[in-house]
Each structure stands twice: as structure tokens, then as C-alpha cells.
Amino acid sequence: GNSVTQMEGPVTLSEEAFLTINCTYTATGYPSLFWYVQYPGEGLQLLLKATKADDKGSNKGFEATYRKETTSFHLEKGSVQVSDSAVYFCALVIYNQGGKLIFGQGTELSVKP
Amino acid sequence: KAGVTQTPRYLIKTRGQQVTLSCSPISGHRSVSWYQQTPGQGLQFLFEYFSETQRNKGNFPGRFSGRQFSNSRSEMNVSTLELGDSALYLCASSSDGTSTDTQYFGPGTRLTVL
């Protein structure tokens, strides 16, 4: 079946530290990959996406590269801020199931000043 | 453009009752998807509607149903509520629901079943 696995949280970092959140996937079809972020009490916001192998998505200093050979889409940021504290979700959509996002379990990030 | 709106934002119901949640997509978007978010199960896909037709369905019992109107607004209904239905229900819209399309989420409806 189709699934997404993320590293478990919570992840606690100091401000300006380097962030990596691991995400791997299993897909029967050819997926598009997404990272969404959820701030406390809010819905989900798209952070970045990649729709084909070797694509790099980037936004607000976050980056992730679609690695088909390792079925991975790891999220990275060079220098985190307190305002990055949130829950991050990796997700995929299979080619012929366009409206159906399959999510990982989420990784909570806490950044301390 | 206005974002995805969901009403109501909070609901409290008792077991056995039914509930209807509403979602207004971004103007021009034709695909609306619904998700359930709980601490134990995470984010799970309920169903997707496109041009008034259910196009994808998740693994939820028949008590969960939905529909989409000609203006793309969508409603979901849960009948015979159970305690385990307490969750944040999120609606998302996208332009045409293709796999490369971005889904934009609303703030959610927090349902509490007592």
C-alpha cells in the first residue's frame, strides 16, 4: 500500500540550529510529495512540494529533495527560529488519486531561544 | 482571494446525534477533500468531491458521508455519533484535484462528542 513514515518527535532545537526531519515513503504509483506545517490551533499550510524525481522544493529557508532511489523527501533548514515551532507533516499523492493526501504521523518541532 | 472557510469552528454533540459540517473552497476551486485529525490516528483522508461527484473515498464507515454543490461548496455529515468521532475535521480545496495540485486547508471544525 501507500504510506509515509516520518521521524518521531518531539524534536527540540536551539535557535539557529540545523534542522533535518526525515521522511520516507512507499508508493504503488508515481507520487507527488509535500511538506505541510501546522501551527497551534490552525489548519495546515503548504510549506513546499516536489512533483517528480530530483525536484527540490523550497520555501522560507526550508528545502526538500525528491529522491526516488531512496524513496525519501527529507526536510532541512539551515538555521531555525523560534517561530518555526510547529508540527510538520510529510505527505504524498498518487498520480491517479489526485485529491487524496496520505500523511505521515507528523513531527513536532520546538525551537528554544 | 479568500481562503478555505469552514463552519462551524467548534461543535459539541452527544452520542447518537448527527452533525453536518460545511466547507467553502477557494473561489474557482473544483476539488474539495475532507480529513479527520486525531491524536491517535493522525490525519486520515475521508473523501474527495470534484464537480459534485465523489471521486475518492477513504476507509471510514458509512456513517460518514458528504456531498458537493454546484458552487463547489461541500458538506460532510456524520450520523449516529460515537465518542471516537471526536476530532478536528479539516477541509481542503484545490483547483482541479490532480496529483501535482496544491491542496489549501481551512482552519478546521473541532467536534467533541460527549
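Chain letters run A, B, ... following the sequence lines, proteins first and then strands; every chain starts at 1. These numbers were taken from a predicted model, which means no experiment stands behind them. Below, all heavy atoms of this structure are taken into account, side chains as well, without hydrogens, waters or symmetry copies.
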[X], [atom1]: over 12 other non-hydrogen atoms inside 6.0 angstrom:
X       : atom1 : answer
B/Phe60 : CZ    : yes
A/Glu16 : CD    : no
B/Arg15 : CZ    : no
B/Asn71 : CG    : yes
A/Lys68 : NZ    : no
B/Gln54 : CD    : yes

Contact class of [X] relative to chain A, heavy atoms under 4.5 angstrom:
X       : result
B/Thr98 : backbone
B/Leu46 : neither
B/Asn56 : side chain
B/Tyr35 : side chain
B/Gln41 : neither

Residue among B/Ser94, B/Gly42, B/Gly97 with most heavy-atom pairs under 4.5 Å to chain A: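 Going by pairs under 4.5 Å, I would pick B/Gly97.
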Look at the side-chain heavy atoms of Ile, Leu, Val, Met, Phe, Trp and Tyr, link any pair under 4.5 Å apart, and say whether [X] and [Y] land in one connected group.
X        : Y       : value
A/Val4   : A/Phe62 : yes
B/Val113 : B/Tyr89 : yes
A/Phe103 : A/Trp35 : no
A/Leu101 : A/Tyr95 : no

Chain B heavy atoms under 4.5 Å from [X]: which part of the residue, side chain, backbone, both or neither?
X       : result
A/Lys49 : side chain
A/Phe34 : side chain
A/Ile94 : backbone
A/Gln38 : side chain
A/Leu46 : side chain

N/O donor-acceptor pair under 3.5 Å between B/Ser33 side chain and A/Gly99 backbone: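 Confirmed, B/Ser33 side chain pairs with A/Gly99 backbone.
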A/Thr51 side chain to B/Thr100 backbone, donor-acceptor under 3.5 Å: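 Pair absent, no side-chain N/O of A/Thr51 close to backbone of B/Thr100.
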Audit row: B/Leu43, A/Leu44, side-chain contact (heavy atoms from CB on, under 4.5 Å) steps and yes/no: CA-CA 11 Å; B/Leu43 279 155; A/Leu44 278 72; 3.8 Å; yes
Spacing of CD belonging to B/Gln44 relative to CD1 belonging to A/Ile102, to within rounding of 0.5 Å: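 Output value for this atom pair is 11.0 Å.
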Spacing of OH belonging to A/Tyr36 relative to OG1 belonging to B/Thr102, to within rounding of 0.5 Å: 6.0 Å
